[in-house]
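Numbering of residues begins at 1 and proceeds along the displayed sequence. Atom set for the values below is all heavy atoms of this structure, side chains included, hydrogens, waters and symmetry mates excluded.
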Amino acid sequence: MIAFTDRTVGEIRTLVASGEASATDICRAYLERIRAVDPRVQAFRAVLDTAALEDAARVDRDRREGRGSGPLAGVPIAVKDVLCTRGTPTTCGSRILEKFVPGFDAT
């Protein structure tokens with residue numbers, strides 16, 4: 001079996017939409033991969049494990065209950081540290097902004 005982290009966006013979306021895989025399982029696989037690799041590559045400034053798992057659980061619940069979802073529902077994403085995300089540290093890689101936590105999302 002191919003690991004979730006080796007799948008394309010299209011494959012992940014198909015797996016989630018069909019119920020063949022849960023968004024929660026896919027999210028956990030990506031979080032595990034981040035924990036395994038990021039200490040070496042240092043690609044992430046913040047990893048929002050709890051929020052990601054809550055969002056994944058919502059996607060799974062919506063699918064089970066027959067509610068529609070967006071085209072990328074269940075597909076893990078990373079947001080570059082130059083886009084403001086409400087309640088999430090946004091530093092743009094600058095020590096001047098190391099304590100900046102926006103109260104708004106970028107448009």
Just jot down the salt bridge (charged side-chain N to carboxylate O under 4.0 Å, His left out) partners of Arg45, sequence neighbours excluded, or say none.
Asp81
Give, for atom CG of Asp105 and atom CG of Leu83, the distance between the pair rounded to the nearest 0.5 Å.
10.0 Å
CG of Asp55 to OG1 of Thr24: how many Å apart, nearest 0.5 Å?
10.0 Å
Counting C-beta onward and ignoring hydrogens, is there a side-chain heavy-atom pair between Ile26 and Pro76 closer than 4.5 Å?
yes
Cluster question for you: counting only ILVMFWY and a side-chain heavy-atom cut-off of under 4.5 Å, with indirect links fine, are Ile34 and Phe4 together?
no
Derivation of the side chain to side chain donor-acceptor pair (under 3.5 Å) call for Arg58 and Ser69
CA-CA 10 Å; Arg58 182 186 40 76; Ser69 57; over 6 Å; no
Return the minimal non-hydrogen interatomic distance between Asp38 and Phe44, and the atom names on each side.
OD1-N, 3.2 Å
side-chain contact (heavy atoms from CB on, under 4.5 Å) between Ile96 and Thr91, intermediate numbers included
CA-CA 8 Å; Ile96 292 171; Thr91 69; over 6 Å; no
Please say which of Ile77, Thr5, Asp25, Val47 ends up in a side chain to side chain contact (heavy atoms under 4.5 Å, CB included) with Tyr30.
Thr5
Looking at side-chain heavy atoms only, is the closest gap between Thr90 and Leu97 below 4.5 Å?
no
Quick one: salt bridge (charged side-chain N to carboxylate O under 4.0 Å, His left out) partners of Arg67, sequence neighbours excluded?
Asp62, Glu65
Here the gap from Phe100 atom CZ to Ser94 atom OG, rounded to the nearest 0.5 Å, amounts to 11.5 Å
Below 4.0 angstrom, N of the basic side chain to O of the carboxylate: do Arg63 and Asp60 qualify?
no
Could you tell me the separation between the CZ atom of Arg64 and the OG atom of Ser22, rounded to the nearest 0.5 Å?
9.0 Å
Would you check if Arg13 and Leu72 make a side-chain contact, meaning some heavy-atom pair closer than 4.5 Å?
no
Val75-Val79 co-clustered via ILVMFWY side chain contacts under 4.5 Å
no
Closest heavy-atom pair and its distance - Gly74, Ile12:
O-CG2, 3.7 Å
With a 4.5 Å heavy-atom cut-off, do Asp49 and Arg35 have their side chains touching?
yes
Distance check, rounded to the nearest 0.5 Å: Lys80 atom NZ versus Thr85 atom OG1?
13.0 Å
Val101-Val82 co-clustered via ILVMFWY side chain contacts under 4.5 Å:
no
For the pair Thr88 and Leu48, evaluate side-chain contact (heavy atoms from CB on, under 4.5 Å) and give the outcome as yes or no after the intermediate values.
CA-CA 9 Å; Thr88 303; Leu48 308 177; 3.5 Å; yes
How far does CZ of Arg7 sit from CG of Leu15, to the nearest 0.5 angstrom?
5.0 Å
May I ask you to decide if Ala29's main-chain N or O and Glu32's side chain share a donor-acceptor pair within less than 3.5 Å?
no
